[in-house]
S.K.: 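Below is one structure. I have some questions about it.
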Amino acid sequence: MDKDINITLKVWRQKGPKEKGQFETYQLKNINQSVSFLEMLDILNEQLVNEGKEPIVFDHDCREGICGMCSLYVNGHPHGPATGATTCQLYMRRFNDGETITIEPWRSAGFPVIRDLMVDRYAYDKIIQAGGFVSVNTGGVPDANAIPISKADADLAMDAAACIGCGACAAACKNGSAMLFVSAKVSQLALLPQGKVEAARRAKAMVAKMDELGFGNCTNTRACEMECPKNISVSNIARLNREYICAKLKD
Amino acid sequence: MAEINSKIPQGPLAEKWKNYKDHQKLVNPANKRRLDIIVVGTGLAGASAAASLAEMGFNVLNFCIQDSPRRAHSIAAQGGINAAKNYQNDGDSVYRLFYDTIKGGDYRAREANVYRLAEVSNNIIDQCVAQGVPFAREYGGLLDNRSFGGAQVSRTFYARGQTGQQLLLGAYSALSRQIGLGKVKMYTRHEMLDVVKVDGRARGIIARNLVTGAIERYAAHAVVVATGGYVNTFFLSTNAMGSNGSAAWQCYKKGAYFANPCMVQIHPTCVPVKGDFQSKLTLMSESLRNDGRIWVPKKLEDAKALQAGTKKGKDIPEEDRDYYLERRYPAFGNLVPRDVASRAAKERCDAGFGVNNTGLAVFLDFSDAIKRLGKEVVKQKYGNLFDMYEEITNDDPYETPMMIYPALHYSMGGLWVDYELMTSIPGLFAIGEANFSDHGANRLGASALMQGLADGYFVLPYTIQNYLSDQIQVPRFSTDLPEFAEAEKNIKDRIQKLMNIKGKATVDSIHRKLGHIMWEHVGMARNEEGLKEAIQMLKDLKKEFWSNVFIPGKGEDLNTELEKALRLADFIEIGTLMAHDACDRAESCGGHFRLEHQTEEGEALRHDDKFMYVSCWEYQGEDKDPVMLKEPLNYEFVVPQTRNYKK
Amino acid sequence: MWLLNSSIGKKLIMSISGLFLILFLVFHVSMNVVAVFSGAAYDMVCGFLGSNWYAVAGTLVLAAGFIIHIIYAFILTMENRKARGNDRYAVSARPKGVEWASQNMLVLGIIVILFAILHFSQFWYKMMFAELMGNHEVMLGGAAVSPQSGSAFIDYYFKGNIVITVLYLVWYAALWFHLTHGFWSAIHTLGWNNTVWMSRWECISKIFATVICAVFAIITIIFYLNGVGGGCSATCVH
């Protein structure tokens, strides 16, 4: 049964990207374990506002694990200790009475801190803008059933497409690498006949943009895969390597 | 009283859209480059419109409040998207999809709009597949379909339980391509706070940079609002935390009509409320109703035992279970439309048969499906939903039946638009959930995605040209015009006023109060007395808000409390308009249920003789009652009937 | 040039140079096996790999492989640290399923190199290098031996020398960790992987690393106990 617990929070507070941040400690009493992690932060924030203080700034939106906006590094794990779940899908059941919980922002050169726990992840959008699409305009496309696609390929593409772009992969990676994110999009589109046409161009453009934006080099530690809230597999990274190397060798 | 002209083209139903396209005015490619369009919002409608307009050659300025256009709440849609492809050979057609949608909307939508929606539905699927959306497929390699509430054919295309995500990412990728090409300028973490009119036409917006707090001006030849719905008025809903009605509301305050505000949808399958700390409600996909059976106990003492926690769902024998949807609606059973399913759940719970500690929940049981299909198949179909449910509730749905309860989900009402999706302000367009157009009084499952993408890909990019064709001579606007300066000043004053209140109440505490008032009085079952009371209570709440809210920090800085306060100020006013509209509409239809107007069996009772119209509300000024104009609905092709899901 | 500029290119260099070094390890271990059975045969191999042009060329290629692998290890590590940003995590936990070795390849690599230097100074410096310098005799603990007489070197360093033996065993342990990750990671970087082969490659990696390191270790222990030809003397003679 869910019970009420008392917890201590160590939260990273940072005024702006250039300013120095530090941890602040907060006590929270009688938090029911059925409360979600973000609701616990809401409670803390309401408490802070009632004391006339500025609330802790953190990104969150859909609160059902799909928008990819929430981005907290909880007790050494992106999205906290649960596996296959985002921060907003984390419940206080995972924590014990008297526990100290440390909350940090994503720390990666590609994701500068905006304030407190909120970081700028527009770099991921820029990578998509470089090539994460199929170049078709609206209208004038063939019938949806004109090209049959094997179920196996469609399923694999869907596995890769499940990425929510939250940035946990780069946040988890000791190299600050965005390879899992990039490989998921490259894989999804390379697996489908619609995307195959420009697969080589896409892989080259996206990798070039990723490198340009200062993300690190993948060393296959698999931390990204283990922390990914959508369980995106590193086999996508192998596929990206393959696509990229073949594309470059053909040039 | 102003005349409402919905600009519906002449001709037979099936030819209206074609006729329109054949005769509308277009803008030539050289001129498109000279025209700027602001699109606010990056959901299915906003992203697809921004991308399509940019592909055509217009310059697009696109805004969103999140850190990335990919986060818009369309992403959370789970179940699927409808289209009249008839791939399953089960007798589907454009007409049938049109008919189901009109009927599902309880005959409160425009025939012409809905028919157009059904017509372009097929193009959407083609477009998405071409973009690389990984829809579910059969072993033969062709697209798979599932059935959904309110229809007797399988016409719903899906991508696991993440259809909204995949469609949005498709639109987002098209948008990203245009951003990369420089045709769309993307403004993330920007919130539209006002629309600017110059000589009666919409010519720009005022937006707040959410990172710096700066108030910024943007000008364009036309403005498209695609900012979604307003059900967060209820505080608790399935919408995202940031979803708000402010952009649409500012348009209303500048003279755009707000249509059918009382028509909001309550989704039957959500995880029930647990406590006061709750920040939002989680939807469990409607697709669960394909295999799950909804029931409550037959005996009141069993319900009492469930509420006390002394019994569990599986302890109640088969013969003591009341599968009330199957009992009341034999033809559609568990797949009745959302409004019907929601009301039926409320009816049972109000009668004391609720199954959790609050008495506000019913069972959604998969034990039959597991017996029939095996656990593996069920797991394959719904595994991720079951896992999500278990994480939230700590209950394993494979073992004990799920508990669900209705929750606010979608607003059918919104900015009034004509057939061209233009509001009553020339040059101001509204698309997707932000407009009122296609769902009437109730939306069918898997139709929101269809409408958002239809508007964005295939309707607005045509119709907006009809407006812009005479604007090609108009040079780019300067944001130094006095109209912009004045709008900016008003916004700054409003923010200053809010910051200066320095009261005692947090924004959320007042929002929660608003939610309670709305749920109690303007919720699933409404009556005149309650609605009038609500209007008074909301007046008081507005006073309390403007005299007692406390916002820490500074106005010209990143300030999440200020963001929420600005939205809440509008939610209170939206709530009031909803109550006015619900009060005016003395009938029950779709999501709007008036207790005074029901049949003996407790079904919704429409009054087509008096209420066959769209209520278009016109703003009259601060603290003045709004005025309602009527757009009559002329059903030329369908005969409105009492919705019947029994046989 | 994409090989030098792009992240995947740089990783490819690591991968190919790594695989090349793995190949060398296989060759080296087979050579050692010879020494277990016959000192004379081993000396023949040593003679064969003396100052002949092909042996020198091979050594240069090998050295290049080493150097590239090491330089890129440092370059990549430096870039990766920079990509991490200025603030470090206060709490970090290794997620379940992440091998310890995979996150410590540089440290393991440095250990391997340090021992390799010891190894070179003991053998290569006094054998091939000495020969290249024109010396046909080198001093080993007071006795003069031919630089081609590998068996003499082995006996000198290992037989009954517990310190050297333990140091070598530690080396193999570090090598084992380095290989368990390095092998499959190299394959993965080449793109020869998918969901099915992922666990297979990881398994192959472990088996390969274990076989290589175990053979090295067993041979070293035999040398410690019985010296060169110890395997043979233990089984054939007695």
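Small disclaimer: the values here were computed from a predicted structure and weren't measured. Sequence lines set the chain letters: A, B, ... in the order given, protein chains first and strands last, and positions in each chain run from 1.
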S.K.: Please confirm whether the backbone N or O of B/A84 pairs with a side-chain atom of B/S121, one donor and one acceptor, at under 3.5 Å?
M.R.: yes
S.K.: Using a cut-off of under 4.5 Å for heavy-atom pairs, which of B/M241, B/Q131, B/K85, B/K274 has the most such pairs with chain A?
M.R.: B/M241
S.K.: Would you mind checking which part of A/D153 comes under 4.5 Å of any heavy atom in chain B, side chain (CB onward), backbone (N, CA, C, O), both or neither?
M.R.: neither
S.K.: Considering only heavy atoms, which portion of A/I128 lies under 4.5 Å from any heavy atom of chain B: side chain, backbone, both, or neither?
M.R.: both
S.K.: Please determine which of A/C70, A/P229, A/C67 meets the side chain to side chain contact (heavy atoms under 4.5 Å, CB included) test together with A/C88.
M.R.: A/C70
S.K.: Less than 4.5 Å apart, side chain to side chain, heavy atoms only: is that true for A/F95 and A/P81?
M.R.: yes
S.K.: Side chains of B/Y158 and B/I81: does their closest heavy-atom pair fall under 4.5 Å?
M.R.: no
S.K.: So does B/R137 pair up with B/D144, basic N to acidic O under 4.0 Å?
M.R.: no
S.K.: B/L167 versus B/L453: any side-chain heavy-atom pair under 4.5 Å?
M.R.: yes
S.K.: Answer with side chain, backbone, both or neither: which region of B/N559 has an atom nearer than 4.5 Å to a non-hydrogen atom of chain A?
M.R.: neither
S.K.: Of the backbone (N, CA, C, O) and the side chain (C-beta and beyond), which part of B/M56 lies under 4.5 Å from a heavy atom of chain A, both, or neither?
M.R.: neither
S.K.: What part of B/Q78 is in contact with chain A, defined as an atom under 4.5 angstrom from a non-hydrogen atom: side chain, backbone, both or neither?
M.R.: side chain
S.K.: If you measure from the Lys or Arg side-chain nitrogens to the Asp or Glu carboxylate oxygens, is any gap between A/E39 and A/R63 under 4.0 Å?
M.R.: no
S.K.: Identify which part of B/E391 has an atom lying under 4.5 Å from any heavy atom of chain A, answering side chain, backbone, both or neither.
M.R.: both
S.K.: Report which part of A/I149 has an atom under 4.5 Å of a heavy atom belonging to chain B: side chain, backbone, both, or neither.
M.R.: both
S.K.: Examine whether an atom of A/V57 lies under 4.5 Å from a heavy atom of chain B, and if so say whether it belongs to the side chain, the backbone or both; otherwise answer neither.
M.R.: side chain
S.K.: Tell me which of these, B/K502, B/E138, B/Q166, has more heavy-atom pairs under 4.5 Å with chain A than the rest.
M.R.: B/Q166
S.K.: Among A/S150, A/G139, A/S36, which residue has the highest count of heavy-atom pairs closer than 4.5 Å to chain B?
M.R.: A/G139
S.K.: Which atoms of B/T560 come close to chain A, meaning under 4.5 Å heavy atom to heavy atom: side chain ones, backbone ones, both, or neither?
M.R.: side chain
S.K.: Does B/R70 count as lying over the ring of B/Y172, i.e. NZ or CZ under 6.0 Å from the six-ring centre, within 45 degrees of the axis?
M.R.: yes
S.K.: Could you look at A/R115 and say if it's the side chain, the backbone, both or neither that has a heavy atom under 4.5 Å from chain B?
M.R.: side chain
S.K.: Under 4.5 Å from any heavy atom of chain B, what part of A/N137 do you find: side chain, backbone, both or neither?
M.R.: both
S.K.: If we define contacts as heavy-atom pairs under 4.5 Å, which of B/S68, B/G180, B/P461, B/S509 has the most with chain A?
M.R.: B/S68
S.K.: Sort B/L168 into side chain, backbone, both or neither according to what part of it lies under 4.5 angstrom from a heavy atom of chain A.
M.R.: neither
S.K.: Sort A/D116 into side chain, backbone, both or neither according to what part of it lies under 4.5 angstrom from a heavy atom of chain B.
M.R.: neither
S.K.: How many angstroms lie between atom CG of B/L142 and atom CZ of B/F135, to the nearest 0.5 angstrom?
M.R.: 14.0 Å
S.K.: Would you mind telling me which of B/T238, B/T393, B/T282 has the largest number of heavy-atom pairs within less than 4.5 Å of chain A?
M.R.: B/T393
S.K.: Measure B/L143 against the heavy atoms of chain A and call it side chain, backbone, both or neither at under 4.5 Å.
M.R.: both
S.K.: Non-hydrogen atoms of chain A under 4.5 Å away: do they reach the side chain of B/S279, the backbone, both or neither?
M.R.: both
S.K.: Decide if atom OH of B/Y462 counts as having more than 12 heavy atoms of other residues, nucleotides or ligands within a radius under 6.0 Å.
M.R.: no
S.K.: Taking only residues two or more places apart in sequence, or in another chain, which ones meet A/F58 in a ring-ring contact (aromatic ring centres under 6.0 Å, His included)?
M.R.: A/H60
S.K.: Please classify the contact between A/M40 and chain B as side chain, backbone, both or neither, with a heavy-atom cut-off of under 4.5 Å.
M.R.: neither
S.K.: Spell out the residues in residues 122-129 of chain B that have some non-hydrogen atom less than 4.5 Å away from a non-hydrogen atom of chain A, in order of number; otherwise answer 'none'.
M.R.: B/I125, B/D126, B/Q127, B/V129
S.K.: With a cut-off of under 6.0 Å to the ring centre and 45° to the axis, is B/K185 in cation-pi contact with B/Y187?
M.R.: yes
S.K.: Can you tell which of A/D42, A/D155, A/I164 has the highest number of heavy-atom pairs within less than 4.5 Å of chain B?
M.R.: A/I164
S.K.: Could you measure the distance from the CD atom of A/Q129 to the CG atom of B/L181? Nearest 0.5 Å is fine.
M.R.: 10.0 Å
S.K.: Count the heavy-atom pairs under 4.5 Å between each of B/H73, B/Q162, B/R71, B/E55 and chain A, then report the option with the highest count.
M.R.: B/R71
S.K.: Give, as side chain, backbone, both or neither, the part of A/A152 having an atom under 4.5 angstrom from any heavy atom of chain B.
M.R.: neither
S.K.: Roughly how far apart are B/Q165 CD and B/I75 CD1, rounded to 0.5 Å?
M.R.: 5.0 Å
S.K.: In terms of heavy-atom proximity below 4.5 Å to chain B, should A/L191 be classed as side chain, backbone, both, or neither?
M.R.: neither
S.K.: Measure distances from A/K15 to the heavy atoms of chain B and classify the residue's part below 4.5 Å as side chain, backbone, both or neither.
M.R.: side chain
S.K.: Between A/K53 and chain B, with a heavy-atom cut-off of 4.5 Å, which part of the residue counts as in contact: side chain, backbone, both or neither?
M.R.: backbone
S.K.: Would you indicate whether A/E24, at its atom CD, is surrounded by more than 12 heavy atoms from other residues, nucleotides or ligands within a distance under 6.0 Å?
M.R.: yes
S.K.: Under 4.5 Å, counting heavy-atom pairs only, tell me which of A/D125, A/N145, A/L189, A/V134 racks up the most with chain B.
M.R.: A/N145
S.K.: A/F111 and A/F215: aromatic ring centres closer than 6.0 Å?
M.R.: yes
S.K.: Side chain, backbone, both or neither: which part of A/A130 has a heavy atom under 4.5 Å from chain B?
M.R.: neither
S.K.: Are any of the side-chain nitrogens in A/E46 or B/R512 under 4.0 Å away from the carboxylate oxygens of its partner?
M.R.: yes
